[in-house]
Amino acid sequence: MSAGSDTETQGFRVVHESAPFRGKQGHIYRPAVSAEAVGAKALHMQLLEIPPGERAHAHKHESHETAIYVLSGVSGCFWGERLENHAIAGAGEFVYIAADVPHLPYNRSQTEPVTAVIARTDPNEQESVVLLPHLEAGVDWSKAEG
């Protein structure tokens, strides 16, 4: 399927992922559908890569929900008001993060990247990201072992 200029003006686009960038929260993103890329009004979708051994900064998405589908690798995530909870998601699994929920995702592997598709109800690539550095000191990293 090929997108021409008239299909773009009728609300239809075939989009190739854009150049990667490192987001506020620390991960590598490849935007595809967003306000910036296609003029989206209510959603945003991009590819996420967490390199081996890397983690994000603690953050939340103000007033916006997030859905994630893990394509490859295994990610861990601390979440909750004090990042007191911990979950693991691997290839083939979906993750839902409600609006305003603090979280800190990381790659559990020292050798393999995590790759995922992320969709948010915020059409902007980084607008709703609120960094929460004060939560990072309290993370119980022993929950990530194993």
Side-chain angles (χ1 to χ4, degrees), residues 1-3 8 11-146:
M1 201 181 252
S2 154
E8 290 177 15
F12 182 93
R13 295 272 300 267
V14 174
V15 181
H16 298 282
E17 66 186 65
S18 300
F21 73 94
R22 194 166 288 269
K24 291 180 200 176
Q25 55 277 62
H27 292 319
I28 298 169
Y29 296 97
R30 290 178 180 83
V33 175
S34 65
E36 295 85 352
V38 300
K41 305 284 187 246
L43 66 88
H44 167 204
M45 181 179 253
Q46 63 190 1
L47 287 175
L48 159 73
E49 180 182 324
I50 307 174
E54 281 199 13
R55 68 174 184 87
H57 302 296
H59 65 283
K60 67 180 181 176
H61 299 275
E62 195 167 54
S63 304
H64 293 283
E65 297 173 294
T66 301
I68 302 167
Y69 179 73
V70 182
L71 295 168
S72 63
V74 179
S75 176
C77 189
F78 290 92
W79 61 277
E81 288 305 311
R82 295 175 319 283
L83 302 176
E84 68 276 14
N85 304 300
H86 184 259
I88 297 169
E93 294 184 300
F94 291 87
V95 176
Y96 169 75
I97 304 171
D100 298 305
V101 171
H103 54 286
L104 189 162
Y106 66 95
N107 185 339
R108 290 178 56 87
S109 172
Q110 296 298 316
T111 59
E112 301 294 323
V114 171
T115 304
V117 175
I118 292 186
R120 282 195 202 99
T121 57
D122 180 354
N124 299 291
E125 293 169 5
Q126 291 280 290
E127 292 299 315
S128 71
V129 175
V130 176
L131 296 177
L132 303 167
H134 62 281
L135 295 179
E136 294 184 25
V139 172
D140 179 0
W141 284 98
S142 70
K143 292 180 180 180
E145 296 170 6

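A 4.5 Å side-chain heavy-atom check between Val95 and Cys77 finds every atom pair outside the cut-off. Within the 4.5 Å cutoff, the side chain of Pro52 has heavy atoms near those of the Pro113 side chain. Counting heavy atoms from C-beta on, the side chains of Leu104 and Leu135 never come closer than 4.5 Å.
Checked against side chain to side chain contact (heavy atoms under 4.5 Å, CB included), Ser109 has the following partners two or more places apart in sequence or in another chain: Asn107, Thr111, Glu112. In this structure Ser63 satisfies the side chain to side chain contact (heavy atoms under 4.5 Å, CB included) test together with Asp100, sequence neighbours excluded. Checked against side-chain hydrogen bond (donor to acceptor under 3.5 Å, both in side chains), Glu62 has no partners two or more places apart in sequence or in another chain. In this view, His103 and His59, His61 satisfy the ring pair (Phe, Tyr, Trp, His ring centres under 6.0 Å) rule, not counting sequence neighbours. Residues satisfying the side-chain hydrogen bond (donor to acceptor under 3.5 Å, both in side chains) criterion with Asn85, sequence neighbours excluded, are absent altogether. For Glu54, the side-chain hydrogen bond (donor to acceptor under 3.5 Å, both in side chains) criterion is met by Arg22, not counting sequence neighbours. Residues passing the ring pair (Phe, Tyr, Trp, His ring centres under 6.0 Å) test with His86 are Phe78, Tyr106, sequence neighbours excluded. Applying the side-chain hydrogen bond (donor to acceptor under 3.5 Å, both in side chains) test to Glu136 and every residue at least two apart in sequence or in another chain returns Arg55. Ala91 meets the side chain to side chain contact (heavy atoms under 4.5 Å, CB included) test with no other residue; sequence neighbours excluded.
In this structure, the side chain of Lys24 engages the main chain of Gln126 through a donor-acceptor pair within 3.5 Å. The closest donor-acceptor contact from the side chain of Asp122 to the backbone of His64 lies at 3.5 Å or more, if one exists at all.
Residue pairs that meet the ring-ring contact (aromatic ring centres under 6.0 Å, His included) test with at least one member in residues 118-137, sequence neighbours left out, do not exist here. Counting only residues at least two apart or in different chains, salt bridge (charged side-chain N to carboxylate O under 4.0 Å, His left out) contacts with residues 77-88 are absent.
Once rounded to the nearest 0.5 Å, the distance linking OH of Tyr96 with OG1 of Thr66 reads 8.5 Å. Between Ile97 atom CD1 and Arg120 atom CZ the span is 8.0 Å, to the nearest 0.5 Å.
Here the shortest heavy-atom pairing between Ile50 and Ser75 reads CD1-OG, 4.1 Å. Nearest heavy atoms, Ala87 versus Trp79: CB-NE1, 4.1 Å. The two residues Gly73 and Val70 come nearest to each other via the heavy atoms O-CG1, 3.7 Å.
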Sequence neighbours left out, cut at 3.5 Å: what donor-acceptor pairs do the side chains of residues 29-48 make with other protein atoms?
unit_1	atom_1	unit_2	atom_2	d
Tyr29	OH	Gln25	NE2	3.1
Arg30	NE	Glu17	OE2	3.4
Ser34	OG	Glu36	N	3.3
Ser34	OG	Glu36	OE1	3.3
Ser34	OG	Ala37	N	3.0
Ser34	OG	Glu125	OE2	2.9
Glu36	OE1	Glu125	N	3.3
Glu36	OE2	Glu125	N	3.4
Lys41	NZ	Gly39	O	3.3
His44	ND1	Asn124	O	3.3
His44	NE2	Gln46	OE1	3.0

